[in-house]
Amino acid sequence: MKELLRASGVVLFISIVLLLINVKLNEGHVSSGNGSITVYNWGEYMDPDLLKQFEEETGIRVIYETFDSNEAMMAKIEQGGTSYDIAMPSEYMVEMMAEKKLLLPLDHAKLPNLKHIDADFLDLPFDPNNRYSVPYFWGTLGIAYNPTLLDGQTFESWDDLWHPSLKQQIILVDSARETLGMSLNSLGYSLNSTEAGELQEAKEKLEKLTPNVKAIIGDEVTQLMVNQEAAVAVTWSGQAADMMWENENIDYVVPKEGSNLWFDNMVIPKTATNVEGAHAFINFMLDPQAAAQNAEYVGYSTPNAAALELMDPDIAEDERFYPDESIRRQLEVYQNLGLEMLGLYNDLFLEFKIQQRE
Amino acid sequence: MGLLPMMNKMTPVRFLYAIPYYAWMILFVAAPIALVVYFSFLNLSGQFTLENYRSFFSPVYLKLALSSFWYAFLITLFSLVIAYPTAYFLTKTKHKQLWLLFIIIPSWINLLLKTYAFIGLMGFYGPMNAFLGLFGIGEKQILFTDFSFIFVSVYIFIPFMILPIFNSLDQLNPRLIDASRDLGASAWTTFWRVVLPLTMNGVKSGVQIVFIPALSLFMITRLIAGNKVLTLGTAIEQHFLVTQNWGMGSTLAVFLMIAMFLMMMVTRGNGKGGLFNG
């Protein structure tokens, strides 16, 4: 009994110490106030040098925190607690957060640099008139492949994935919208299709891809491609850029039938305590010089037309990441199709996954 | 069932002691189960419906259920086949508690970490393929196969199978074995008629502890099997995280609970009338 009491005492003591440390750690950024802003961004998604520049120019201190999924980010903002002044949700999450009233409307008068953004990337369906968001980076869904493992085979169409020589070679994304979307695109339909017939056709076409499918996974694909464990992957341009950074053999292509166009966006969540500073930060990031430096550091595609002019032409003219007009016209942003449709997409995707066994 | 009569028999003080237990049972056992059952009758717009149960009996979900059972069965079987002899030899070693500790230590390491380690080990250029290469077997696709899935799952569950079997073997009175041999039984007969029936309870708890979580595995199906093995767990995850169809997710969870309950009934450790007691 005495030992039990002593053990409980020790546990209690350690818990209290940890709790105190936790409180102390959180104290630093409970409120940003006027002298600082809290930026909530994806990991490795901003040149730290720019944060220093911004601090020097404006005298506003930047507290920088990172997240690794849209859902986790929204949960933290929904729950409050930390006063994030800037966050970087993807386009569907902007829509969702706006619906949940988690975002503050932007004051365009305080964002003169907004004019540098390519008009193609403004006023998109997920945020009409850019009421809540400004595009930060954009990208596509496409095919990453390693020609050295494929006797020099190259890709230009989604249909190339169905080639019989690719037995057990392809890695797909474990996500219904992406995988059915690519099948819809290969059939010439919209990846936002809500026609049951088209979706069924897309699923049946996917089933024919089964012999070529090596696995259907998530982010682990990057490592598998880098280590040459896999030769072909359907993946996002950002992930492809990471792969190419570590393995020079890998190439990326946006298939000619069209594909998904995605955005990460700067928003001011309702947790903001320094709205003025947040606008200043967005405006700073929209500055062509800063945007160019950031794009070269991060390696994703910038929506900033003026920045593109300043960048190394090798990067700015790379058609894999800045596809030409003809392909860009084929790209579509995912629309929010509603839960009913999302359910149908997932059921069809599940049917495709389960028939691999037969 | 027995809740009220038990309370009647209790003195006030004992009742006071029982409060935490009942609070726990109600808050963390009864209430969540009731909620899951309740949600299973709701459709996407929150209306009462039997639709989810009808969907469950569609070919897709039945196939999923069958595949979950099949793989859980295989994982349990292989765990048992490896664990029983291992536990048996452990009881015969000199420092058996130490050896047992070595088997338990890996279960202290985070599951996700171990799973990721296997991605490297089973890779095309990983150590497992290098080992096969020593015997002149060329590089094989190990990852994303049935084999890799069952291998990793068995590896993860095996300590939970060994522990109860080890305990029941350890508690076995050695004189019973001596008696059996003295009375002329062969080693095999002694094992089959004396040792195995007496350790059946350990086997049963091991089977329960492994089979039940194996039935709702999900993460390993993606990381190690590349979604070539699908289980109900995968579908539940999808319904809660992606489609936000909590109703369907709950319905699947209800079926898993029923399956687990049946499993508990079949393997109930009452000492007599078990599966193999002839």
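By convention in this document, chain letters (A, B, ...) are assigned in the order of the sequence lines, proteins followed by strands, and residues within each chain are numbered from 1. As a basis for the values below, the full set of heavy atoms in this structure was taken, side chains included, without hydrogen atoms, waters or symmetry mates.
- The environment of B/N110 atom CG is dense: over 12 non-hydrogen atoms of other residues, nucleotides or ligands sit within 6.0 angstrom.
- Taking 4.5 Å as the heavy-atom cut-off, the residues of residues 335-349 of chain A that approach chain B are A/L339, A/E340, A/L342, A/G343, A/N346, A/D347, ordered by number.
- The two atoms that bring A/N227 and B/Y125 nearest to each other are O-CE1, 3.5 Å, heavy atoms only.
- In this structure, B/Q141 and A/K214 have side chains that are in contact, with non-hydrogen atoms separated by less than 4.5 Å.
- Around CD of A/E44, the count of heavy atoms belonging to other residues, nucleotides or ligands within 6.0 Å does not exceed 12.
- Open room surrounds CH2 on B/W246; 12 or fewer heavy atoms of other groups in view lie less than 6.0 Å from it.
- There is no contact between A/L172 and chain B, counting heavy-atom distances below 4.5 Å.
- Shown here is A/D219, whose CG atom has no more than 12 heavy atoms of other residues, nucleotides or ligands within 6.0 Å.
- Listed by chain and residue number, nothing satisfies the side-chain hydrogen bond (donor to acceptor under 3.5 Å, both in side chains) test with A/Y40 (two or more places apart in sequence, or in another chain).
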Could you give me the CA-CA distance, side-chain angles and deciding distance for B/F124 and A/Q228, then say whether side-chain contact (heavy atoms from CB on, under 4.5 Å) is met? CA-CA 8 Å; B/F124 226 63; A/Q228 318 225 93; over 6 Å; no
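- The two atoms that bring B/R222 and A/I217 nearest to each other are O-CG2, 3.2 Å, heavy atoms only.
- The closest donor-acceptor contact from the side chain of A/Q356 to the backbone of B/K228 lies at 3.5 Å or more, if one exists at all.
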Under 3.5 Å donor-acceptor pairs involving side-chain atoms of residues 36-48 of chain B, not counting sequence neighbours:
| from | atom 1 | to | atom 2 | distance (Å) |
| --- | --- | --- | --- | --- |
| B/S40 | OG | B/V37 | O | 2.6 |
| B/S40 | OG | B/Y53 | OH | 2.7 |
| B/N43 | OD1 | B/S45 | N | 3.1 |
| B/N43 | OD1 | B/S45 | OG | 3.3 |
| B/N43 | OD1 | B/G46 | N | 3.1 |
| B/N43 | OD1 | B/Q47 | N | 2.9 |
| B/N43 | ND2 | B/Q47 | OE1 | 3.4 |
| B/S45 | OG | B/Q47 | OE1 | 3.2 |

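- Residues A/I216 and B/F144 have side chains not in contact (no heavy-atom distance under 4.5 Å, counting atoms from C-beta outward).
- Scanning residues 211-219 of chain B against chain A with a 4.5 Å non-hydrogen threshold yields no residues.
- In this structure, B/N227 CG and A/K353 NZ are separated by 4.0 Å, a value rounded to the nearest 0.5 Å.
- Atom CD of residue A/E220 and atom CD1 of residue B/I119 lie 5.5 Å apart, to the nearest 0.5 angstrom.
- For the residue pair A/L350 and B/L64, the shortest heavy atom distance occurs at CD2-CD1, 3.9 Å.
- Highest contact tally toward chain A, considering only B/G120, B/P59, B/G123, is held by B/G123 [criterion: heavy-atom pairs under 4.5 Å].
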